[in-house]
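Note that the structure is predicted; figures quoted are calculated from it, not measured.
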Amino acid sequence: MKNILYILVLISIVSCSKTDPKSYIQYINGYWEIEKVILADGTEKKYNFNQSIDFFEVNDSIGIRKKVQPKLDGSFIITDDSELFTLRIENDSLRVYYKTSLASWKETVINAKENRIVIKNEVGNMYFYKRYQKINL
């Protein structure tokens with residue numbers, strides 16, 4: 001009987017602590033730089049400096065992702081690289097569906113907080129982003 005009680009308590013704790021993936025959406029807007037990538041085979045690649053960073057802007061469930069290059073004065077050089085995307089909640093996860101004239105693909109937001117985002121692509125690579133901080137000289 002005690003074992004059943006422990007199992008029920010454990011299940012209720014786990015189910016209550018699961019984050020609603022819809023709550024991740026509020027953190028996506030802004031400038032993000034890749035901190036590291038863990039490839040599907042477990043290889044880790046760290047990024048100590050990023051020449052370009054990603055700008056995300058979401059309105060409702062539609063968004064755009066652009067590559068920008070920070071300048072020393074705090075402004076950005078905006079590149080021509082951009083992708084439109086749609087956000088959807090599927091299987092208790094936040095999915096990002098991209099579509100360009102050349103391809104379409106999806107990614108999954110694994111976690112998102114004010115200063116960190118983790119995104120997994122279709123081949124299993126995990127991208128760890130940190131919120132971009134202006135360079136102070």
Side-chain angles (χ1 to χ4, degrees):
M1 185 69 160
K2 277 186 172 180
N3 288 341
I4 293 173
L5 182 59
Y6 288 130
I7 291 171
L8 290 175
V9 170
L10 182 62
I11 289 172
S12 67
I13 290 171
V14 170
S15 64
C16 291
S17 65
K18 185 165 174 93
T19 304
D20 178 10
K22 191 173 185 176
S23 70
Y24 297 158
I25 297 171
Q26 65 183 319
Y27 300 114
I28 294 175
N29 282 329
Y31 297 90
W32 295 92
E33 61 181 316
I34 295 175
E35 189 171 30
K36 69 179 175 179
V37 177
I38 299 178
L39 302 176
D41 68 3
T43 305
E44 183 174 312
K45 181 176 181 183
K46 291 194 180 225
Y47 291 79
N48 296 322
F49 175 78
N50 293 297
Q51 190 171 356
S52 65
I53 59 175
D54 291 336
F55 171 72
F56 290 88
E57 184 175 33
V58 178
N59 291 308
D60 293 322
S61 62
I62 306 295
I64 189 167
R65 177 182 185 173
K66 291 191 71 63
K67 294 286 186 189
V68 299
Q69 296 173 345
K71 294 171 51 177
L72 292 176
D73 66 1
S75 64
F76 297 95
I77 297 170
I78 300 170
T79 69
D80 292 334
D81 297 329
S82 68
E83 293 122 6
L84 294 175
F85 63 83
T86 304
L87 297 174
R88 290 188 216 148
I89 305 294
E90 294 178 346
N91 301 324
D92 294 330
S93 296
L94 178 60
R95 309 279 188 204
V96 185
Y97 285 88
Y98 292 94
K99 186 168 186 169
T100 69
S101 59
L102 301 174
S104 60
W105 67 98
K106 77 175 176 181
E107 297 177 335
T108 302
V109 177
I110 301 299
N111 196 344
K113 296 181 180 178
E114 187 168 334
N115 294 311
R116 299 267 182 238
I117 292 180
V118 180
I119 297 175
K120 184 176 185 179
N121 69 11
E122 290 178 307
V123 297
N125 298 334
M126 303 265 291
Y127 293 82
F128 293 78
Y129 288 88
K130 63 181 179 181
R131 191 164 297 276
Y132 173 73
Q133 297 292 321
K134 180 180 153 185
I135 299 170
N136 291 318
L137 299 176

Rounded to the nearest 0.5 Å, what's the gap from [atom1] on [X] to [atom2] on [Y]? Could you check?
X: Glu107; Y: Leu87; atom1: CD; atom2: CG; answer: 11.0 Å
X: Asn125; Y: Glu122; atom1: CG; atom2: CD; answer: 11.0 Å
X: Thr108; Y: Leu94; atom1: OG1; atom2: CG; answer: 8.5 Å
X: Tyr47; Y: Phe128; atom1: OH; atom2: CZ; answer: 12.5 Å
X: Arg65; Y: Tyr98; atom1: CZ; atom2: OH; answer: 3.5 Å
X: Ile62; Y: Thr86; atom1: CD1; atom2: OG1; answer: 4.0 Å

Test of ring centre spacing under 6.0 Å for Phe55 and Phe76: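 Judged by ring-centre distance (under 6.0 Å), Phe55 and Phe76 do not meet the cut-off.
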Step by step, would you call Tyr24 with Ile110 a side chain to side chain contact (heavy atoms under 4.5 Å, CB included)? CA-CA 9 Å; Tyr24 297 158; Ile110 301 299; over 6 Å; no
Test of understanding: with side chain to side chain contact (heavy atoms under 4.5 Å, CB included), list the residues that count as partners of [X], not counting sequence neighbours.
X: Lys71; result: Asp73, Ser75, Ile77
X: Lys130; result: Glu33, Glu35, Arg116
X: Glu44; result: Lys36, Ile38, Lys46

Steps toward side chain to side chain contact (heavy atoms under 4.5 Å, CB included) verdict (Asn121, Trp105): CA-CA 8 Å; Asn121 69 11; Trp105 67 98; 5.9 Å; no
Are any side-chain N or O atoms of Ser93 and backbone N or O atoms of Arg95, one a donor and one an acceptor, separated by less than 3.5 Å?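 Between the backbone of Arg95 and the side chain of Ser93 there is no qualifying donor-acceptor contact (under 3.5 Å).
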Taking all non-hydrogen atoms of both residues into account, name the closest pair between [X] and [Y] and its distance.
X: Pro21; Y: Ile89; answer: C-CD1, 4.0 Å
X: Tyr27; Y: Trp32; answer: O-CZ2, 3.1 Å
X: Gln51; Y: Pro70; answer: O-CD, 3.5 Å
X: Arg131; Y: Gly30; answer: NH1-CA, 3.9 Å

Test item: Asp54 and Lys67 side chains (from C-beta on) under 4.5 Å apart, heavy atoms: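 Counting from C-beta outward, Asp54 and Lys67 do come under 4.5 Å.
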Could you check whether any side-chain heavy atom of Val96 comes within less than 4.5 Å of a side-chain heavy atom of Ile119, counting everything from C-beta outward?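 Contact flag for Val96/Ile119 side chains = no.
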In this structure, would [X] and [Y] fall into the same cluster of hydrophobic residues linked by side-chain contacts under 4.5 Å?
X: Val109; Y: Tyr97; value: no
X: Ile28; Y: Ile64; value: no
X: Tyr132; Y: Ile34; value: no

With a 6.0 Å cut-off (strictly less than), is the heavy-atom count around CG of Asp60, excluding the residue itself, greater than 12?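 Open.
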Electrostatic pair Asp81:Lys66 at N-O distance under 4.0 angstrom: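 No salt bridge links Asp81 with Lys66.
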